[in-house]
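Remember, predicted model here, so these are calculated numbers, not experimental data.
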Amino acid sequence: MSTYTNAVPGPEDITRRELPNGIVVLVRENFNANSVVITGSVDAGSLFDPDDTEGLAAFTSASLMRGTLNRDFATIHEMLEGNGASLSASSGIHTAGFSGKSLAEDLPMLLDLLADVLRNPAFPERQVERLRGEFVTGLKIREQDTRYRAGRAFRELAYPTEHPYRRAADGTIDSISRIRRQELIDFHRQHFGPQRMLIAIVGAVETEEAIHLVDRCFGDWANHTQPAAPILVDIPVLDSIRTETVVLPGKSQADLILGLPGPSRFVEDWEAAHLANHVLGVFGMFGRIGREVREKRGMAYYSFSRLDGGMGPGAWRVAAGVNPANVERTVETILSEIMRITQELVTPEELADSQANITGRLPLQLETNEGVAGSILTMERYKLGMDYLQRYAERINAITAEDVLAAAQRYLRPDGYALAIAGPEVSQNGNEMA
């Protein structure tokens, strides 16, 4: 048993073990509280959706907790509630994720239930139809949401037709309505398996015991049909301005998203790009953009920038919610700030403040078992090394203003971007049309 300290997690207290079937188990002990957290992923995200069946991965993952070959819906949730535990499954672009929490003595139950959910889902007809109704209802609501519609239009502008990042990961009303139960069964049978599966366990459990429990529940899992992850096609640089306006009558607000495909988490200058984005639209009241668009000019209800990163070229984008009359001026101001950060060095004060803010958030992130487990999973997924968190402050503080400028110039283009706007129809003079 190791002694838990408040030290930043590293190779001294994180154990990494790969099981013979390909599952990577990551464990960190913490006996400060009698609880344990699990989180992880399986290679079964929307990347694997067929071209004409958007949302299949999301529908499949959402169905996992609805009943297995061994336990029905009520039994699963009675087990969790009766033990004060939680367990959930979801889907992203690259992976299907899972997370759970329980008292330490209930970890065998939690892992056994997780294994049943991941390996033996029954996709009961009644639950599938109920879930379909929930999906369709949610999509119908989002069809009238200006922010959601702007986001969908942005993806379609920014990414090539054949690229999976262009798709609606949660599906469309039409695609979800067409998915049949057998397609869920087939998707699970083909894509859920141990290869490249990750599971992190943090809490009041001895390392070898945790690994033994995972091996007991998953060690005999095999799936020889599980494919390799698709290779993402190269994305051409956006060398022109692409725009689309989605008209939603009766809305009082317009939402806009302006940006382009950015770097993946694997590139060497990720931290520099992250810091550039922090200055641009995160720090304080949402950085330079928040200060200029919202605070000084009062043109937006919200305005910020975000750099997705991840396994592939996630978007680097600016989002704003504005009065429809302010759309044009807001876009002009955003472009002015993007141009400035690609042409001028950030000030010493901006650099130091952003570095302090970014590194200062790390201890807060690591205060909970959930935060530690998520961080460990990130280090493994992006091959950062188990000492990454210990080197993090040094790496961030070593970034120079020149590094920030170079990253901004490499990834941002004030003359080539996608701009999606969703809101009421606006006349040439900026007034909403009746």
Side-chain angles (χ1 to χ4, degrees), residues 1-19 22-42 64-65 71 76-90 92 95-119 194 196-219 221 361-382 384-390 392:
M1 179 188 302
S2 67
T3 301
Y4 179 86
T5 71
N6 290 325
V8 175
E12 302 83 7
D13 57 6
I14 300 171
T15 297
R16 181 189 186 277
R17 189 80 52 82
E18 184 170 351
L19 303 184
I23 296 174
V24 173
V25 188
L26 303 145
V27 184
R28 190 188 194 227
E29 300 177 1
N30 173 13
F31 290 90
N32 279 353
N34 187 34
S35 63
V36 65
V37 164
I38 62 173
T39 188
S41 63
V42 177
L64 297 177
M65 295 287 294
R71 302 174 173 97
I76 290 172
H77 292 276
E78 285 169 3
M79 285 179 62
L80 292 170
E81 292 173 7
N83 290 283
S86 64
L87 183 65
S88 62
S90 60
T95 62
F98 55 84
S99 61
K101 185 176 183 178
S102 72
L103 293 174
E105 58 263 32
D106 293 324
L107 180 60
M109 177 276 298
L110 190 64
L111 285 171
D112 180 65
L113 184 55
L114 174 66
D116 197 22
V117 163
L118 292 181
R119 299 179 62 173
R196 301 175 300 281
M197 175 177 165
L198 306 178
I199 180 167
I201 301 177
V202 177
V205 60
E206 294 187 14
T207 295
E208 292 304 322
E209 175 64 14
I211 295 172
H212 168 74
L213 289 171
V214 174
D215 188 40
R216 189 185 72 184
C217 293
F218 291 99
W221 195 14
R361 290 202 305 265
L362 182 61
L364 298 177
Q365 180 182 335
L366 301 175
E367 283 186 347
T368 65
N369 286 341
E370 289 88 347
V372 172
S375 297
I376 292 172
L377 207 64
T378 295
M379 291 190 291
E380 174 65 25
R381 177 169 292 133
Y382 300 117
L384 301 174
M386 287 298 123
D387 63 343
Y388 178 74
L389 293 176
Q390 297 175 341
Y392 186 67

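Of all heavy-atom pairs between Gln390 and Gly10, the closest is NE2-CA, 3.3 Å. The minimum heavy-atom distance between Leu118 and Trp221, with the atom names listed, is O-CZ2, 4.0 Å. Between Ser375 and Gln365, the shortest heavy-atom contact is OG-NE2, 2.6 Å. Between Gly374 and Thr39 the shortest heavy-atom distance is N-CG2, 4.3 Å. Nearest heavy atom pair, residue Leu384 against residue Asp387, reads O-OD1, 4.4 Å. Residues Met65 and Ala89 share a closest heavy-atom pair of CG-N, 4.4 Å.
A side-chain contact (heavy atoms from CB on, under 4.5 Å) with Ile14 is found for exactly one of Val27, Ile376, Val372, namely Ile376.
Within the 4.5 Å cutoff, side-chain heavy atoms of Met386 are placed close to those of Glu380. For the pair Leu114 and Cys217, the minimum side-chain heavy-atom distance is 4.5 Å or more. For the pair Glu206/Phe31, a side-chain contact is recorded, criterion being any heavy-atom separation below 4.5 Å from C-beta on. Put simply, the side chain of Val214 reaches to within 4.5 Å of the side chain of Ile199, judged on heavy atoms. At least one side-chain heavy atom of Leu113 sits under 4.5 Å from a side-chain heavy atom of Ile76. Residues Asp13 and Glu29 form no side-chain contact, since every pair of their non-hydrogen atoms from C-beta on lies 4.5 Å or further apart.
Rounded to the nearest 0.5 angstrom, Arg28 CZ and Thr207 OG1 are separated by 10.5 Å. Rounding to the nearest 0.5 Å places CD1 of Ile201 at 12.0 Å from CG of Asn369. Once rounded to the nearest 0.5 Å, the distance linking CG of Leu362 with OH of Tyr392 reads 7.0 Å. A distance of 6.5 Å separates OG of Ser41 from CZ of Phe98, quoted to the nearest 0.5 Å. In this structure, OG1 in Thr95 is found 8.5 Å from CG in Leu198, a value given to the nearest 0.5 Å. Rounding to the nearest 0.5 Å gives a distance of 11.0 Å between CZ of Phe218 and CG of Leu213.
Side-chain atoms of Asn83 come within 3.5 Å of backbone atoms of Met79 as a donor-acceptor pair (strictly under, hydrogens ignored).
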Mind listing the side-chain donor-acceptor pairs of residues 100-112 below 3.5 Å, one per line with the distance, residues two or more places apart or on another chain?
{"from": "Lys101", "atom 1": "NZ", "to": "Glu370", "atom 2": "OE2", "distance (Å)": "3.2"}
{"from": "Glu105", "atom 1": "OE1", "to": "Asn34", "atom 2": "ND2", "distance (Å)": "2.9"}
{"from": "Asp112", "atom 1": "OD2", "to": "Arg71", "atom 2": "NH2", "distance (Å)": "2.7"}

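Between Arg17 and Glu208 there is a salt bridge, since a side-chain N of the basic residue sits under 4.0 Å from a carboxylate O of the acidic one.
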